Trainee: 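Below is a structure I'd like to ask you about.
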Protein chains: 2
Amino acid sequence: MVQKSKITIADIATKADVSISTVSRVLNNTAPVAESTRQAVLEAMQALDYRPNIFARGLASGQSMTVGVLTQHIHSPLYGSLIRGILEEMDNSPYTPLFVDGYWQRQREERLVETLLRRRVDGLIILGGDLPLERLQEAARQVPLIVFGQNVPGLETQCLQLDDYEGAYRATEHLIALGHRRIAHVTGNLAHSDAVARRDGYLQALRDNRIEPVPELMAEGEYTEQSGLIAMEMLFGRGRTFSAVFAANDESGYGVRLALYRRGIRVPEDISLVGFDDIPSSAYTTPPLTTVRQPATEIGRAAAEAILKLIQDEPFELPQISMELIIRESTSRYLK
Amino acid sequence: MVQKSKITIADIATKADVSISTVSRVLNNTAPVAESTRQAVLEAMQALDYRPNIFARGLASGQSMTVGVLTQHIHSPLYGSLIRGILEEMDNSPYTPLFVDGYWQRQREERLVETLLRRRVDGLIILGGDLPLERLQEAARQVPLIVFGQNVPGLETQCLQLDDYEGAYRATEHLIALGHRRIAHVTGNLAHSDAVARRDGYLQALRDNRIEPVPELMAEGEYTEQSGLIAMEMLFGRGRTFSAVFAANDESGYGVRLALYRRGIRVPEDISLVGFDDIPSSAYTTPPLTTVRQPATEIGRAAAEAILKLIQDEPFELPQISMELIIRESTSRYLK
DNA sequence: CTGTTAGCGCATTCAT
DNA sequence: ATGAATGCGCTAACAG
């Protein structure tokens, strides 16, 4: 079962009584063609239901008119939205995106990038993942490349960065604006740079508002609910009071909340709580969690826009994209 | 900026001191080749880091080794999981999937299918969407096709069906097994066949357990939280008592729950509640919602397996896939 | 403005 | 088992 729309430019050349070059010209308007003959060609194409053969075109031109996109967990909210942004942007271009999913497995990612290169993609967008920097640098030598989620030395202008620091700063600032002054922070694993950035944003926001950070109000977690719970127990054990908590991510925020409930402390009546990441359930828990979200669709769109420019050797600039504070009821009131 | 791994089979033919035909043969092992020369060729390929040019290959063979996949809302849980299933299955085949997202917009879908055909996909998987039956039938004439979400006349063997009826039946049966006899049902918009199927499954489960359906215990909703709330108000207004509710989808189930809470009725202590669809938040609400899920990954895998067989003209059979009942705490106890 | 021609890299007869 | 030759459909010089 094979489809073969046998019609080639030769056929339509015959029908329109011109040469194949002329047909090719109106097809790509790569050179001026007399309006009359152009019409004739167009009509012939219409009549014969002509479809260009992309293989022949690719062979002759060396371009595939595709952009490879390496994602991770395509079904997750973050990557789903990134893809959406890319789709929206590419939609108005002659390029088609080719999506592959690395599942955060380095080996798999390596293989998929190889697959994409074999498919002769004209550009490559890498979203997240675990590829070593050298691999990315190598890829950048072979094909136009845009990266999100890593900062590759030497490729700074092609890396889309998000500001964990700024997001944390805003979250903390929000709590301060509500009137809080004793704000606790459950960090992520401080061996990772994003957790450090979030902590630093928290600290700086305090200082900028003339609140002296209190070391006893910080406890290290590791982005899990369990660790959030434990961190809170540590905080309580230290005997310092606080009226708000900033958790370095939503999951650990749930642990925080659990610890509070167990002590009969209500959110937000007694304590305000802010998370980070905006995982889906955070909109539905009781109460919905105030949190910081990566504006993924926008990022996707920016990445797509950039790669298209890159491919065409046009100048481009990756926009600075800010984290977005989603205010929900977990910080709706501050009564004490 | 163009990558061109200039190396062609001609190069490796020279290096291995054979003809290009021989190289082609070891490449596709399309004909027996002396082991010694085969090794020589393999080494040459290795040494020169040869990468076949897919355009040339496609041109000559007429095959693209790709399968087009039309999805809807790629970032939604259902489609995300479908894609995952497809990826898993295709991963072990020489075919690469090409994903496009129709966003449930018919016009867009038409265009995308056209795009995929232009890309000369060897097969097509259509997941959901709004394409008219005639379009699907036409597509089936041009390329191997598998459809999920619609039953196309004349293409029954290529359509993956899911049983809304059976899912509803199971949900209701579950409630009956818990001891309930007065079970209310908030339907979906009965102008749509899936809502009708769910209602019919509910009715039949009752009858099969010798429970006479009570019309006053059914209220029509339209799959939204708001409509679920309203439907419950209608049910209460009718004065018939009930100890369980089966909502035709999770969202309206939330509306049901809200109505119950407002009247101080607890779930599951006072009333059991079952939804349908298993949207992500249903695992996290309080209490987690018992619901019916489409085993999407499995469906995706089945679709991929089928399309690969179809492409290769091998016999295949689409499996019958059942809805899956996810039992959670909203029906954990029945005390009255 | 338009026609002619030479590849692009590979699969595939047809010989040998 | 292997080599030579042909063509896939199109783009891109190159001539008019």
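So you know, we letter chains A, B, ... as the sequences are listed, proteins then strands, and number each from 1. A quick note: this is a predicted structure, and the numbers were derived from the prediction, not measured.
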Trainee: Take the protein atom CG of A:Asp11 and the nucleotide atom P of D:dG9, then report the distance between them rounded to whole Å.
Mentor: 9 Å
Trainee: Any idea which of C:dG9, C:dG3, D:dA1 is nearest the B:Ala34 side chain?
Mentor: D:dA1
Trainee: With a 4.0 Å cutoff (strictly under), does any side-chain N or O of B:Asn28 reach OP1 or OP2 of C:dA11?
Mentor: yes
Trainee: A:Asn53 CG to D:dG7 P: how many Å, rounded?
Mentor: 18 Å
Trainee: CD1 of B:Ile20 versus P of D:dA4: gap in Å, rounded?
Mentor: 9 Å
Trainee: Among the candidates C:dC10, C:dT4, C:dG9, find the nucleotide nearest to the side-chain atoms of B:Leu59.
Mentor: C:dG9
Trainee: Would you check if there is a donor-acceptor pair between the side chains of B:Gln161 and B:Asn151 at a distance under 3.5 Å?
Mentor: yes
Trainee: Between A:Gln39 and A:Glu35, is any side-chain donor less than 3.5 angstrom from a side-chain acceptor?
Mentor: yes
Trainee: Let me know the distance between CZ of B:Arg25 and C1' of C:dT12, rounded to the nearest Å.
Mentor: 9 Å
Trainee: In terms of side-chain heavy atoms of B:Pro32, which of D:dA1, C:dT4, C:dA11 is nearest?
Mentor: D:dA1
Trainee: Rounded off to whole Å, could you give me the CZ-to-P distance for the B:Arg57 and C:dC8 pair?
Mentor: 18 Å
Trainee: Side-chain N or O of A:Ser21 versus OP1/OP2 of C:dT5: is the shortest distance under 4.0 Å?
Mentor: no
Trainee: Quick check on DNA chain C: between A:Val18 and B:Thr30, whose nearest nucleotide comes earlier from the 5' end?
Mentor: A:Val18
Trainee: Tell me the interatomic distance from B:Ile54, atom CD1, to D:dG9, atom P, rounded to whole angstroms.
Mentor: 17 Å
Trainee: Rounded to whole angstroms, how far apart are CG on B:Asn29 and P on D:dT2?
Mentor: 14 Å
Trainee: On the ring face of B:Tyr103, is A:Arg84 found with NZ or CZ under 6.0 Å from the centre and within 45° of the axis?
Mentor: yes
Trainee: If you find the nucleotide of DNA chain D closest to B:Ser19 and the one closest to B:Ala60, which residue's nucleotide is nearer the 5' end?
Mentor: B:Ser19
Trainee: Measuring from the side chain of A:Thr8 (C-beta onward, heavy atoms only), which nucleotide among D:dC10, C:dG9, C:dT12 has the closest atom?
Mentor: D:dC10
Trainee: Return the value, rounded to whole Å, for the distance between atom CD1 of A:Ile9 and atom C1' of D:dA12.
Mentor: 12 Å
Trainee: Looking at the side chain of B:Thr22, which of D:dG7, D:dT2, C:dC8 is the nearest nucleotide?
Mentor: D:dT2
Trainee: Is the phosphate of D:dT2, meaning OP1 or OP2, less than 4.0 Å from a side-chain N or O of B:Thr37?
Mentor: yes
Trainee: Can you identify which nucleotide, out of C:dG9, D:dG3, D:dC10, has its nearest atom closest to the A:Ala56 side chain?
Mentor: D:dC10
Trainee: In this structure, which one of B:Asp101, B:Thr71, B:Ile125 forms a side chain to side chain contact (heavy atoms under 4.5 Å, CB included) with B:Ile83?
Mentor: B:Thr71
Trainee: Is the phosphate of C:dC10 approached by B:Ser24 (side-chain N or O, under 4.0 Å from OP1 or OP2)?
Mentor: no
Trainee: Going by side-chain hydrogen bond (donor to acceptor under 3.5 Å, both in side chains), name the pairs with one or both residues in residues 294-311 of chain A, residues two or more places apart or in two chains.
Mentor: A:Glu88-A:Arg301
